[in-house]
Protein chains: 2
Amino acid sequence: MKKGKITIHDISKELGINSSTVSRALNNSSRVTQKTKDKILKKATELGYQRNSLASKLRTNKTNTIGVIVPRISRQFFSSVISGIEETAYDAGYEVIICQSLDNLEREQKLIETLLSNRVDGILISVSTQTLGKDDFNNCKQNETPIIFFDRPYNIEENTNVIIDDFKAGFEATEHLILNGCKNIVHFSGPQHSELYKRRKNGYLAALKKYNLTIDFNYIIASNLMKSDGIENAKKILDLSKVDAVFSANDVAAISAMIYLKDKGVKIPDEIAFVGFSNEQISAVIEPSLSTISQSDFKMGTVAATLLFKQIEQKTTIKEGYTKILEPKLIIRNSSQKIIL
Amino acid sequence: MKKGKITIHDISKELGINSSTVSRALNNSSRVTQKTKDKILKKATELGYQRNSLASKLRTNKTNTIGVIVPRISRQFFSSVISGIEETAYDAGYEVIICQSLDNLEREQKLIETLLSNRVDGILISVSTQTLGKDDFNNCKQNETPIIFFDRPYNIEENTNVIIDDFKAGFEATEHLILNGCKNIVHFSGPQHSELYKRRKNGYLAALKKYNLTIDFNYIIASNLMKSDGIENAKKILDLSKVDAVFSANDVAAISAMIYLKDKGVKIPDEIAFVGFSNEQISAVIEPSLSTISQSDFKMGTVAATLLFKQIEQKTTIKEGYTKILEPKLIIRNSSQKIIL
DNA sequence: CTGTTAGCGCTTTCAA
DNA sequence: TTGAAAGCGCTAACAG
């Protein structure tokens, strides 16, 4: 028994067949007789041969591997996107390397370096919140390694982005509440420098306008949408009169606000209806009464990956920015659904 | 400007320094003058050099990379373990490749193949539920690639495993309920062929014995611990008389049972106290009244990774099984804590 | 301290 | 259809 790993040369020697033929056989080339193929395959399994991808990647200058960087894999949204990416990659014969930046710029840049030095064919990334500069990804561009940004848009004019239609989502969420008889709708908005939250807010405003409802800017509560903000927001709601609905720009704040309000004896959704951007599963468990806007997470993964593979195979990194905007999806839950399983 | 990627030879030529010196400089070898190092580093950044890890891995026959396979990255428990692994790996200078098996054996085996063909130095795995055979990981052993099993033990006699002390956890959970005055404690157990659930159950039984409580086997309800099972279990509880507590072997069943019972007007934890294996964060949000047993997730990651690195560096795959058992951690929440933020 | 040289395991012309 | 030979980019003896 040989000590190290078996190579094609070992098979080659054992059979008296040249190693290039062995290589071709193992890659199922049409230029090898079925008979020799069989012989080689048999010997390969007999010896416990295992291909060395490193060597073949080095030689061919193609890794069939893409890198994915997300802030945290534990967030349901991102893990769903990753599932979408993996499915698409699997079908296309690509390997996927998953990394988390923990929303930390330094770490993110180190990950990019690592991925590039491992010669991934392309990168999909949802940038960290600290990433804001114009040339944070110059090394990719120098390398001509395609990179696609998803969920969190980045330099739309220059890069390829995959995002959802935030304006439309905000509009539909608000419209949904209006059509259900709500007139005094509070909006939990996020940091006002963020384009994303601005667009959601504009959707909210547009819906109010369409139905000729008065716009009261006291009803727009901006915060960082953390749990503690949800509590603060809830307190503010109690101070306002006749609020009958909330459209929250994310689920975290919505949920903590709901818990707080329930605790105060407010019936949800009898007295206040909620719509929030959210992960379907979590909010279904936590609050059956919370309707949600899905970010079409899985689909975002498949779309982004498909786009990336196209860029890789055409070897044409798009210079001018291209943004793919996905439809949002409003998920309605009836308040009769006390338990959703 | 050169079209392809810059190599050490490009730097070598530009400076008239031999490429091996360049290589040494880039690896910060002590056998190069600081002066030449500086020159080389400067030229490297100037040309936009980026090391090709594939080549160096191939050459050195060491990848400084480990593979991690978990059923799903979206489960809080696994993503915490992964964080623990990543921190440890980062400190030790290892890269980490994260993969999810989706609890599917075929997929798991394909992932193992891929990792091995990429010549990872070692593998950490929490096996899929479908993985039960004796020689599912023979290819690893042939390869002499260290593999460590965490959370879900696998052939304890032969392999290295990292698990928590399930017996103790079951014992402490039950004892906690007893010490709080509960006498009629139902146990939601899992599949009875599973060692893990058997050990948790034995802990439960041991605690009852210690406090001289009568053991009623009608109080041990075995199921697959899915959401729907939780509902069924809850119905069974309502049929039993004088149940005042539940120790659930996982959180999913516990939560759905609680929701169902609350819906039926049962007050929790006034009438029924719950302890469940669980993820801290989730249950804190969903059910403040649910006390939980933590599986020391992050720590499990660091321990497993440290163990693996030791095996890799000693190049001694342990032949006889070695099992590291971690302490469980009971997290008590007072029922006064209505909102935990 | 630096250069020469060989080769990791694989693929791919080119030739037979 | 198969073989011979070169080389992907890097590292590591060994020599100087």
Side-chain angles (χ1 to χ4, degrees), chain A residues 2-41 43-44 47-65 113-114 116-121 143, chain B residues 2-41 43-44 47-65 113-114 116-121 143:
Chain A
K2 210 170 154 260
K3 69 225 146 158
K5 304 238 159 61
I6 306 295
T7 73
I8 52 173
H9 301 293
D10 298 317
I11 301 176
S12 158
K13 273 176 210 154
E14 290 256 337
L15 294 174
I17 298 176
N18 189 279
S19 56
S20 49
T21 305
V22 175
S23 170
R24 281 190 277 258
L26 293 172
N27 288 314
N28 201 21
S29 158
S30 57
R31 294 177 30 181
V32 184
T33 334
Q34 189 58 46
K35 212 172 124 189
T36 39
K37 265 188 200 171
D38 290 342
K39 248 198 307 199
I40 290 168
L41 260 344
K43 185 56 89 182
L47 295 178
Y49 169 79
Q50 183 137 50
R51 101 189 243 103
N52 186 330
S53 298
L54 296 172
S56 94
K57 287 173 177 176
L58 175 63
R59 179 60 234 255
T60 57
N61 201 27
K62 179 87 167 60
T63 57
N64 282 305
T65 305
E113 283 304 317
T114 306
L116 290 178
S117 74
N118 280 296
R119 297 293 187 266
V120 292
D121 295 331
N143 257 294
Chain B
K2 209 169 154 261
K3 69 228 146 155
K5 303 241 159 60
I6 306 295
T7 73
I8 51 172
H9 301 294
D10 298 318
I11 301 176
S12 159
K13 271 176 212 156
E14 289 255 336
L15 295 174
I17 298 177
N18 189 280
S19 57
S20 50
T21 305
V22 176
S23 169
R24 281 190 278 258
L26 293 172
N27 287 314
N28 201 22
S29 158
S30 57
R31 294 177 30 181
V32 184
T33 336
Q34 190 58 46
K35 214 171 120 189
T36 39
K37 265 187 202 173
D38 290 341
K39 247 196 309 196
I40 290 168
L41 260 342
K43 185 55 91 182
L47 295 178
Y49 170 79
Q50 182 137 51
R51 105 191 237 97
N52 186 331
S53 297
L54 297 172
S56 99
K57 287 172 177 177
L58 175 62
R59 179 59 234 250
T60 58
N61 202 27
K62 178 88 165 64
T63 56
N64 281 305
T65 305
E113 283 303 317
T114 306
L116 291 178
S117 73
N118 280 295
R119 296 296 187 263
V120 292
D121 295 331
N143 257 294

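Scope of the values below: all heavy atoms of this structure, side chains included, with no hydrogens, waters or symmetry mates. Chain letters run A, B, ... following the sequence lines, proteins first and then strands; every chain starts at 1.
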Rounded to whole Å, how long is the line connecting atom NE2 of B:H9 with atom C1' of D:dT11?
10 Å
Using atom CG of B:D10 as one end and atom P of D:dG9 as the other, report the distance to the nearest whole Å.
8 Å
Give a yes-or-no answer on whether the side chains of A:S20 and A:N18 include a donor-acceptor pair shorter than 3.5 Å.
yes
Which atoms of nucleotides 3-5 of chain D (N or O only) lie under 3.5 Å from a protein N or O atom, and what are those distances?
unit_1, atom_1, unit_2, atom_2, d
D:dG3, OP2, A:N18, N, 2.8
D:dG3, OP2, A:T21, OG1, 2.8
D:dG3, N7, A:R24, NH2, 2.9
D:dG3, O6, A:R24, NH1, 3.4
D:dG3, O6, A:R24, NH2, 3.3
D:dA4, OP2, A:N18, ND2, 2.8
D:dA4, N6, A:S20, OG, 3.4

Measure CD1/B:I11 against C1'/C:dT2 and give the value in whole Å, please.
16 Å
Separation of C:dT4 C1' from B:I8 CD1 (nearest whole Å)
14 Å
Return the set of residues passing salt bridge (Lys or Arg N to Asp or Glu O under 4.0 Å) with B:E14 (not counting sequence neighbours), or none when no residue passes.
B:K43
Start at the 5' end of DNA chain C and walk down; is the nucleotide closest to A:N52 or to B:R59 reached first?
B:R59
Sugar-phosphate, base or nothing in reach of A:S53, heavy atoms under 4.0 Å:
nothing
Can you figure out which of D:dC10, D:dT11, C:dG9 approaches the side chain of B:N27 most closely?
D:dT11
Please check if any side-chain donor atom of A:S53 sits under 3.5 Å from a side-chain acceptor atom of B:S117, or the reverse.
yes
A:N61 CG to C:dG9 P, straight-line distance once rounded to whole Å:
20 Å
Between P of D:dC10 and CG of A:L58, the distance in whole Å:
9 Å
Please enumerate all residues that pass side chain to side chain donor-acceptor pair (under 3.5 Å) together with B:N52, with sequence neighbours excluded.
none
Just to confirm, is there a sub-4.0 Å distance from OP1 or OP2 of D:dC10 to any side-chain nitrogen or oxygen of B:T60?
no
Report the residues that fulfil side chain to side chain donor-acceptor pair (under 3.5 Å) with B:T63, sequence neighbours left out, ordered by chain and then residue number.
B:D121
Over how many whole Å does the gap from A:K5 atom NZ to C:dC10 atom P extend?
11 Å
All pairs passing salt bridge (charged side-chain N to carboxylate O under 4.0 Å, His left out) where residues 27-39 of chain B contributes a residue, at least two apart
none
What contact category does A:S23 fall into here, base, sugar-phosphate, or nothing, at under 4.0 angstrom with non-hydrogen atoms?
base
Tell me, which pairs form a salt bridge (charged side-chain N to carboxylate O under 4.0 Å, His left out) where one or both residues lie in residues 48-57 of chain A, sequence neighbours left out?
A:K57-A:E95
For A:L26 and C:dC10, give me the distance from atom CG to atom C1', rounded to whole Å.
11 Å
